[in-house]
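Structure record follows, encoded as structure tokens.
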Amino acid sequence: MATTVRHEFYETDDRLTITIFDRGADPAHVNVEFQPRGIVYSNGDKQLDLQPLKGQIDPEKSSFIVGKVKVEIRLVKAAQGRWGGLIGDAPDPLANSSSVSTPAPKAGSTLPQARKNWDRVTKTILDSEPPKTMTEDPNVSGDSTLNEFFQNIFSNADDDTRKAMMKSFQESGGTALSTNWDEVKKAPVPVKPPSGSEARKWEQ
């Protein structure tokens with residue numbers, strides 16, 4: 001009559017290890033049969049039949065080691081995840097994976113049409129408010145547009161206007177910009193800091 005041996009197990013996401021307490025087991029007499037949902041351990045009159053396993057294993061990659069005090073069976077799971085137990089009639093995740101599909105939209109669904117309508121509304125709002133041009137608002141795009149604004153003035157100006165712009169900008173430390181050469185040529189252009197601030201010379 002076959003004798004059942006004591007055993008315990010622990011698992012990780014990809015492996016499950018079964019420890020069978022079979023002291024002095026002879027490796028030549030120990031046999032483990034691996035099946036996708038079960039294992040059968042035998043050593044003379046000692047036998048342990050574990051099936052169905054709660055999950056599917058890979059028989060080709062699974063193995064066992066015979067020690068002096070115990071036999072360790074190492075099962076490689078076919079799908080990662082915790083079983084939470086060793087044997088039972090839990091559904092096989094591999095068997096269900098192929099049948100899982102994204103539910104088809106119900107007939108008469110208006111979600112795609114609703115989204116299309118919102119896109120049209122958004123476009124209508126954006127088209128009804130065209131972006132301001134540089135002439136209308138020099139600050140519409142920040143410093144880059146402001147620089148472009150002054151560059152256009154400079155490129156389209158005559159020589160006296162250009163000289164006035166360069167002289168006033170350099171002498172005022174960038175705090176003033178004049179296009180009146182008759183006024184600027186008379187004297188150095190003073191520094192005009194913003195209200196509430198004070199102009200200071202840089203000292204080494």
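Residue numbers run from 1 in the order of the sequence given.
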Got a second to check how far [X]'s [atom1] is from [Y]'s [atom2], nearest 0.5 Å?
X	Y	atom1	atom2	answer
W181	M165	CH2	CE	13.0 Å
F9	L50	CZ	CG	10.0 Å
R6	T19	CZ	OG1	10.0 Å
D160	T179	CG	OG1	11.0 Å
L48	I39	CG	CD1	6.5 Å
T161	K163	OG1	NZ	10.0 Å

Donor-acceptor under 3.5 Å ([X] side chain, [Y] main chain):
X	Y	answer
R37	L53	yes
Q47	T3	no
S178	A164	no

>> If the test is side chain to side chain contact (heavy atoms under 4.5 Å, CB included), which one of V69, V71, V5 qualifies with R23?
In response: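 Between R23 and the candidates, side chain to side chain contact (heavy atoms under 4.5 Å, CB included) is satisfied uniquely by V69.
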Are the side chains of [Y] and [X] in contact, using a 4.5 Å heavy-atom criterion?
X	Y	result
R74	I65	yes
E11	L86	no
L75	I18	yes
I20	I73	yes
F34	E60	no

>> With no hydrogens and no angle check, just 3.5 Å: does a side-chain donor-acceptor pair link E33 and N31?
In response: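 Result is no, nothing qualifies.
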> Between the side chains of T12 and D14, does any donor sit under 3.5 Å from an acceptor?
Replying inline: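 Note: T12 and D14 side chains meet the donor-acceptor criterion.
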>> Closer than 4.0 angstrom, basic N to acidic O: yes or no for D22 and K46?
In response: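 Between K46 and D22 there is a salt bridge, with a charged N closer than 4.0 Å to a carboxylate O.
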So which heavy atom on [X] is nearest to which on [Y], and how close?
X	Y	result
P59	P36	CG-N, 3.9 Å
H29	N43	CB-OD1, 3.5 Å
R82	K77	CA-NZ, 3.9 Å
Q35	Q51	OE1-OE1, 3.2 Å
A25	Y41	CB-OH, 4.3 Å

>> How about CG on D159, more than 12 heavy atoms from neighbouring residues, nucleotides or ligands closer than 6.0 Å, or not?
In response: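 No, CG of D159 has 12 or fewer neighbouring heavy atoms, counting only those of other groups under 6.0 Å.
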> Should we say atom CZ of F169 is surrounded by more than 12 heavy atoms from elsewhere, each under 6.0 Å from it?
Replying inline: no
